[in-house]
Amino acid sequence: MRKIEHIGIAVKDLEKSNSLFAKLLGKEHFKTEEVDGEKVATSFFQVGETKVELLQATDESSPIAKYLEKKSEGVHHIAFDVEDILAEVERLKSEGFEILNDTPKLGADNKLVVFLHPRSTNGVLIELCQEKGV
């Protein structure tokens with residue numbers, strides 16, 4: 001793992017949260033994007049080398065909608081940038097981590113993503129990210 005790529009924060013209202021985080025961070029978001037496969041709308045803020053990703057559900061069956069219903073707004077996941085996502089998945093499986101999706105799927109910001117189950121990572125949802133096409 002090379003660095004923290006982003007911290008994902010589940011929000012109920014993306015527009016309202018964009019305004020809040022723009023005030024907090026002293027800068028506007030640089031990108032919004034919908035990820036149809038995850039039924040989520042995202043917004044990104046750059047903070048040094050790390051991004052903050054705000055996530056709003058676009059459908060009540062979205063994992064973010066379920067998260068908000070259960071836990072309310074807040075930190076949803078921490079994402080790590082990896083050089084070779086398939087090799088990293090195999091390494092982590094051999095170390096006993098529970099992988100939620102063995103096959104990388106397309107996420108926001110042109111990334112291939114894999115998630116680790118929180119029960120194997122002290123309650124924290126971990127996302128592995130690799131730039132698509134690398």
Side-chain angles (χ1 to χ4, degrees):
M1 294 194 204
R2 300 188 291 195
K3 67 176 183 173
I4 293 176
E5 208 287 329
H6 67 268
I7 297 170
I9 300 173
V11 301
K12 293 177 183 173
D13 183 325
L14 196 58
E15 189 175 316
K16 203 172 178 182
S17 296
N18 273 335
S19 178
L20 175 86
F21 275 83
K23 290 176 191 173
L24 175 70
L25 301 171
K27 61 177 83 176
E28 293 296 321
H29 66 277
F30 71 89
K31 173 182 183 171
T32 57
E33 180 180 349
E34 284 205 23
V35 182
D36 294 331
E38 295 295 313
K39 300 175 186 166
V40 68
T42 66
S43 179
F44 287 91
F45 289 83
Q46 189 73 46
V47 184
E49 283 192 32
T50 304
K51 295 177 213 136
V52 173
E53 176 190 34
L54 304 180
L55 303 124
Q56 175 189 302
T58 57
D59 186 277
E60 60 188 41
S61 67
S62 163
I64 294 300
K66 292 173 186 173
Y67 179 89
L68 288 168
E69 187 179 300
K70 204 176 198 182
K71 298 188 178 187
S72 193
E73 294 181 297
V75 174
H76 179 260
H77 66 271
I78 299 174
F80 291 93
D81 176 62
V82 298
E83 189 171 349
D84 182 339
I85 199 164
L86 295 174
E88 197 63 21
V89 165
E90 289 309 310
R91 182 186 76 79
L92 292 168
K93 281 169 58 175
S94 74
E95 293 287 349
F97 291 94
E98 185 178 346
I99 310 298
L100 288 172
N101 58 301
D102 286 338
T103 304
K105 55 188 172 181
L106 186 59
D109 203 26
N110 197 41
K111 303 281 192 262
L112 293 174
V113 300
V114 169
F115 289 91
L116 281 64
H117 199 291
R119 74 176 146 241
S120 67
T121 57
N122 284 356
V124 179
L125 180 62
I126 300 294
E127 178 182 8
L128 306 178
C129 299
Q130 177 185 316
E131 193 75 30
K132 186 178 176 208
V134 175

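One-based numbering along the sequence shown. The structure presented is a predicted model; accordingly, all values stated were derived computationally and were not measured.
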* Structure fact -> d(E73 CD, Y67 OH) to nearest 0.5 Å is 10.0 Å
* **Neighbour count above 12 (heavy atom, 6.0 Å) for K3 NZ** => yes
* Asked: When rounded to the nearest 0.5 angstrom, what is the spacing between CG in L25 and CG in L20?
  -> 9.0 Å
* To do: Check whether V35 and F44 end up in the same hydrophobic cluster, where Ile, Leu, Val, Met, Phe, Trp and Tyr are linked by side-chain heavy atoms less than 4.5 Å apart.
  => no
Run the side-chain donor-acceptor check on residues 106-115: report pairs under 3.5 Å with partners two or more places apart or on a different chain.
unit_1	atom_1	unit_2	atom_2	d
D109	OD1	K31	NZ	2.7
D109	OD2	K51	NZ	2.6
N110	ND2	E131	OE2	3.2
K111	NZ	E131	OE1	2.8

* To do: Could you grab the distance from atom CG of L125 to atom OG of S120, nearest 0.5 Å is fine?
  => 9.5 Å
* **Shortest non-hydrogen contact between T58 and V40, atoms and distance** => OG1-N, 3.4 Å
* Under 4.5 Å between side-chain heavy atoms, hopping through other hydrophobics if needed: is there a path connecting V75 to L116? -> yes
* **Flag if over 12 foreign heavy atoms under 6.0 Å of CG, N122** => no
* **Distance, nearest 0.5 Å, that separates CD of Q130 from CG of D81** => 8.5 Å
* Separation of E38 CD from I64 CD1 (nearest 0.5 Å) -> 8.0 Å
* Describe, in one word, how the ring planes of F45 and H29 are oriented to each other, choosing from parallel (under 30°), tilted (30 to 60°) and perpendicular (over 60°). => perpendicular
* Of all the heavy-atom pairs spanning E15 and D13, show the shortest one and how long it is. => N-OD1, 3.1 Å
* **Main-chain N/O of E33 paired to T42 side chain as donor or acceptor, under 3.5 Å** => yes
* Would you say the side-chain atoms of Q56 pair up with the backbone N or O of L14, donor to acceptor, closer than 3.5 Å? -> yes
* To do: Report the residues that fulfil side-chain hydrogen bond (donor to acceptor under 3.5 Å, both in side chains) with H77, sequence neighbours left out, ordered by chain and then residue number.
  => H6, E53, E127
* Quick one: do I7 and V124 end up in the same hydrophobic cluster if we chain Ile, Leu, Val, Met, Phe, Trp and Tyr together by side-chain heavy atoms under 4.5 Å apart? -> yes
* **Euclidean distance, I99 CD1 relative to K93 NZ, rounded to 0.5 Å** => 7.0 Å
* Under a 4.0 Å N-O cut-off, is there an ion pair linking E88 with R91? -> yes
* Indicate yes or no for a side-chain donor-acceptor contact from E60 to the backbone of S62 under 3.5 Å, with no hydrogens or angles considered. => no
* Is there a path from F97 to V82 through hydrophobic residues (I, L, V, M, F, W, Y) whose side chains come within less than 4.5 Å of each other? -> yes
* CA sep, side-chain torsions, deciding dist, call: L128, L92, side chain to side chain contact (heavy atoms under 4.5 Å, CB included) -> CA-CA 11 Å; L128 306 178; L92 292 168; 3.7 Å; yes
* Report yes or no: does K12 contribute a side-chain atom to a donor-acceptor pair with the main-chain N or O of L68 at less than 3.5 Å? => no
* Any donor-acceptor pair under 3.5 Å linking the side chain of S43 with the backbone of T32? -> no
